[in-house]
Amino acid sequence: MSTGIPKKRVAVLISGRGSNMGALIEAAKDAGYPAEIVTVIANKADAGGLDTARKQGIHAQAIPHRDYAAKQRHEAAVSEALRAARADIVCLAGYMRLLSPEFAREWEGKMINIHPSLLPLFRGLHTHDQALEAGVRVHGCTVHFVTAGMDEGPIIAQTAVPVKTGDTAETLAERVLSVEHETYARALALVATGQALMQNGRTVFRD
Ligand code: GAR
């Protein structure tokens with residue numbers, strides 16, 4: 001059912017297959033969901049998620065970082081595309097670029113990311129290998145506001161999954177991914193409704 005409240009305009013940034021992007025597109029099909037996906041931007045021309053988005057009738061474009069001599073130039077082009085799309089919220093969904101502090105600051109409070117670990121554990125890459133190496137018995141995913149520090153921003157939502165005997169990085173990745181999609185859709189809804197917002201470097205939750 002429609003709420004009559006204008007939906008927040010969301011841009012999704014991807015680098016690959018875009019299964020989280022797909023989950024956000026699915027969630028946004030619900031008339032009562034507080035956000036609409038207005039554009040998808042990939043930093044790679046061959047990102048599989050671009051086609052998935054286009055097939056759903058969503059505007060999708062590649063802004064390949066390789067076409068730009070400097071990171072700042074590429075980020076300026078991405079920012080320009082985000083402004084052109086009148087994006088209220090930016091969702092990083094498997095966007096495998098380290099962001100400059102300037103870009104992170106420009107979108108602070110409006111940009112969120114999904115990371116495949118229970119932050120602050122296991123920042124960076126190969127999080128499932130890191131979890132197996134550490135011997136933790138629970139693992140999971142985190143959606144957080146993006147700040148200048150990599151995988152450091154204030155947390156909006158997390159979901160835990162068990163680590164099972166005999167798990168490999170692949171089986172664990174699959175189990176985590178199966179909860180990422182719902183977690184991301186839930187976190188985006190919290191931000192879009194203003195029930196979760198970033199204030200003074202922390203997430204504040206409101207009813
Ligand atoms: C997801 O597991 C996401 O959490 C991870 O990349 C994968 C993208 O999959 N993101 C990061 O590692 C960011 N540091 P998807 O393209 O199918 O959504």
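These numbers come from the heavy atoms of this one structure, side chains and all, not from hydrogens, waters or symmetry mates. Just so it is clear, the model here is predicted, and its values are computed rather than measured. Counting starts at 1 for both ligands and their atoms, in listed order.
Residue contacts with ligand 1 do not include I14, since none of its heavy atoms lies under 4.0 Å from the ligand.
For atom 9 (O) of ligand 1, the nearest protein heavy atom (residue, atom name, distance) is R17 NH2, 3.3 Å. Scanning all protein heavy atoms for the shortest distance to atom 8 (C) of ligand 1 gives G94 CA, 3.6 Å. Regarding atom 14 (N) of ligand 1, its nearest protein heavy-atom neighbour is H115 ND1, 3.4 Å. The closest protein non-hydrogen atom to atom 12 (O) of ligand 1 is P116 CD, 3.4 Å. Of all protein heavy atoms, the one lying nearest to atom 16 (O) of ligand 1 is G18 N, 2.9 Å.
Partner I58 forms a side chain to side chain contact (heavy atoms under 4.5 Å, CB included) with one of T52, V40, V38 and no other, that one being V40.
With 3.5 Å as the limit, one finds a donor-acceptor pair spanning the side chains of T159 and R186.
Not one N or O of G16 is nearer than 3.5 Å to an N or O of ligand 1, by distance alone. Between E180 and ligand 1, an N or O atom pair is found at a separation short of 3.5 Å. Ligand 1 has no N or O atom lying under 3.5 Å from any N or O atom of D151, backbone or side chain.
Distance check, rounded to the nearest 0.5 Å: OG1 of T39 to CD of Q61 gives 4.5 Å.
Surrounding CZ of R73 are at most 12 heavy atoms belonging to other residues, nucleotides or ligands under 6.0 Å away. Surrounding CZ of R83 are more than 12 heavy atoms belonging to other residues, nucleotides or ligands, all under 6.0 Å away. Atom CD of E80 has 12 or fewer neighbouring heavy atoms from other residues, nucleotides or ligands inside a 6.0 Å radius. In K44, the NZ atom is not crowded: 12 or fewer heavy atoms of neighbouring residues, nucleotides or ligands sit closer than 6.0 Å.
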